[in-house]
Amino acid sequence: NGNVLLLAHRIELLRQAQQKLHLELGYAPPIEQGVSEVDMNCMWQGGAVVIASIQTLAGLKRLERYRQHPFDLILIDECHHAVSATYRRVVEYFTAINPACRVLGVTATPARADKAALGIVFDSTAYNYGVAQAIDDGWLVPVQQEFVGINQVDFSAVRTAKNTLGEADLSTADLEEVLTQEPVLHAMANPLIDICGQRKTLVFTAGVAHAHLLADVLNRHREGCAAAIDGTTVAKQRELAVERFAGGDLQYLVNCGVFTEGFDVPAVEVVAMGRPTKSIGLYMQMLGRGLRPAIHGESSTVVDGIVTAEGRRAAIASSSKPHMLSVDFVGNSQHSITD
């Protein structure tokens, strides 16, 4: 009968959690985010589920609202971020009030090259399930990879800098300088048009300018087929673009670092790697956007309710999405999903 708190750092993750939990609980749990506050009157009897933005809840005034309504379980989505000061502040606040509170983190990117150990927040690894095993078990679709060489690209002068995961990776500024040249843009766009056919394609680029320029070139081939999204895109415009993409009005959704997390469109059939990376974590984030099986009905996938791995693999093989295709322009296919 204890209260449950689910923490995440992006509005997309909060809304997805609300939608999924609505199906399980029969009601949509409230979201604590920005000006939206949870009504404390609904928590007095316990058994409440609250979904909260870490940026909002980390404020002392927001935390104090829950002092009389402690949590027995805290769930952290994308928990490789949990070593940050904001997450630690929230966890320490609630575990101090209720020492029996348990904290569970889930992530597809557990390795942090900046050595900020998840052990700061978590005592143990409860369960580890790799992508290759999930494919073999029929929960994710198989991966096909196609490498497309670009003769016009020279990465020899690209320097190294830290990425958002704290890893040593290729400099975004240097990559953009190389990849935004007109011949390179066409060397990416032309094969995408030829290879992808009519399939929904999510494109990852090196930077903001690269995303918008590549979308422009794709639209020159077929007007209105592509849209570019970056971190500065207003939320409503981003939501509309994702809706159009999921609904089939857009074929190419081109983005710079926006959809590595919090993007849930199972209809993605092709993931285009338009930026090189040394990071296995970033590579897996990009690749993972296309691994979900096709949707069956309103919300379930074609494998839901099938009890055997053989049955799930057969369902995927006979579905509208028997596999996903990774189109690699920059050599990322050297990474292994078994790493």
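Not measured: the values here are computed from a predicted model.
Under 4.0 Å is where a charged nitrogen must lie from a carboxylate oxygen, and between Glu12 and Arg238 at least one such pair does. Salt bridge Arg312/Asp304: absent, no basic N to carboxylate O contact under 4.0 Å. Salt bridge annotation for Asp72-Arg102: absent, with no cationic side-chain nitrogen under 4.0 angstrom from a carboxylate oxygen. For Glu64 and Lys61, the salt-bridge test fails: no basic side-chain N is under 4.0 Å from an acidic carboxylate O.
Between Cys79 and Tyr87 there is no side-chain heavy-atom pair separated by less than 4.5 Å. Within the 4.5 Å cutoff, side-chain heavy atoms of Phe94 are placed close to those of Leu57. Within the 4.5 Å cutoff, no side-chain heavy atoms of Asn3 are placed close to those of Leu5. In this structure, Met284 and Val131 have side chains that are in contact, with non-hydrogen atoms separated by less than 4.5 Å. Contact check for Glu78 versus Arg10: no side-chain heavy atoms found under the 4.5 Å cut-off. Using a 4.5 Å heavy-atom threshold, the side chains of Ile76 and Val103 count as touching. Side-chain atoms of Leu214 and Val203, non-hydrogen and from C-beta on, do get closer than 4.5 Å to each other.
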Chi angles and distances behind the side-chain contact (heavy atoms from CB on, under 4.5 Å) call for Ile316, Lys321: CA-CA 7 Å; Ile316 288 174; Lys321 183 182 172 182; over 6 Å; no
Please report the C-alpha distance between Thr301 and Arg292 in whole Å, then the side-chain angles of each, then the deciding distance to 0.1 Å, and finally whether the side-chain contact (heavy atoms from CB on, under 4.5 Å) criterion is met. CA-CA 8 Å; Thr301 69; Arg292 286 280 308 279; 3.4 Å; yes
Between Ser53 and Gln55, does the side chain to side chain donor-acceptor pair (under 3.5 Å) criterion hold? Intermediate values first, please. CA-CA 5 Å; Ser53 159; Gln55 295 90 337; 2.9 Å; yes
side-chain contact (heavy atoms from CB on, under 4.5 Å) between Val330 and Phe155, worked out: CA-CA 10 Å; Val330 288; Phe155 293 122; 3.9 Å; yes
For side-chain contact (heavy atoms from CB on, under 4.5 Å), just list the numbers for Arg289 and Asp264, CA-CA rounded to whole Å, side-chain angles, deciding distance to a tenth of an Å, and then say yes or no. CA-CA 7 Å; Arg289 300 311 95 193; Asp264 186 17; over 6 Å; no
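A donor-acceptor distance shorter than 3.5 angstrom exists from the side chain of Glu269 to the backbone of Lys200, with no hydrogens or angles considered. In this structure, the side chain of Arg65 engages the main chain of Val38 through a donor-acceptor pair within 3.5 Å. No donor-acceptor pair under 3.5 Å is formed between the side chain of Asp136 and the backbone N or O of Ala132. A donor-acceptor pair is defined here as one N or O able to donate and one able to accept, closer than 3.5 Å; no such pair exists between the side chain of Asp77 and the backbone of Leu6. Side chain of Thr180 to backbone of Glu176: a donor-acceptor contact under 3.5 angstrom is found. With Arg62 contributing its side chain and Ala58 its backbone, the two residues share no donor-acceptor pair below 3.5 Å. Not a single donor-acceptor pair under 3.5 Å links the side chain of His22 to the backbone N or O of Gln18. Here the side chain of Ser36 pairs a donor or acceptor atom with the backbone of Ile31 at under 3.5 angstrom.
Rounding to the nearest 0.5 angstrom, the gap separating the CD atom in Gln144 from the OG atom in Ser326 is 10.5 Å. In this structure, CD on Gln251 lies 5.0 Å from OG1 on Thr201, to the nearest 0.5 angstrom. Here the OG1-CG distance, from Thr107 to Leu118, works out to 7.5 Å after rounding to the nearest 0.5 Å. The structure places OG1 of Thr232 at 8.5 Å from CD of Gln237, a figure rounded to the nearest 0.5 Å. Between the OH atom of Tyr252 and the CG atom of Leu250 there is a distance of 11.5 Å, given to the nearest 0.5 Å.
Side chain to side chain, Asp154 and Ser156 meet the donor-acceptor criterion of an N or O pair below 3.5 Å. Residues His221 and Asn190 bring a donor and an acceptor atom of their side chains to less than 3.5 Å of each other. Residues His186 and Glu182 have side chains that bring a donor and an acceptor to within less than 3.5 angstrom of each other.
Gln133 CD: more than 12 foreign heavy atoms inside a 6.0 Å radius. The local environment of CD in Glu177 is sparse, with at most 12 non-hydrogen atoms from other residues, nucleotides or ligands closer than 6.0 Å. Applying the 6.0 Å contact sphere to CG of Asp39 captures more than 12 heavy atoms from other residues, nucleotides or ligands.
Ring geometry for Phe71 against Tyr66 counts as tilted: the plane angle lies between 30° and 60°, on a 0 to 90° scale. The aromatic rings of Phe263 and Phe259 lie tilted to each other, with the angle between the two planes from 30° to 60°.
Residues Phe245 and Leu291 are members of one and the same hydrophobic cluster, defined by side-chain heavy-atom contacts under 4.5 angstrom among Ile, Leu, Val, Met, Phe, Trp and Tyr.
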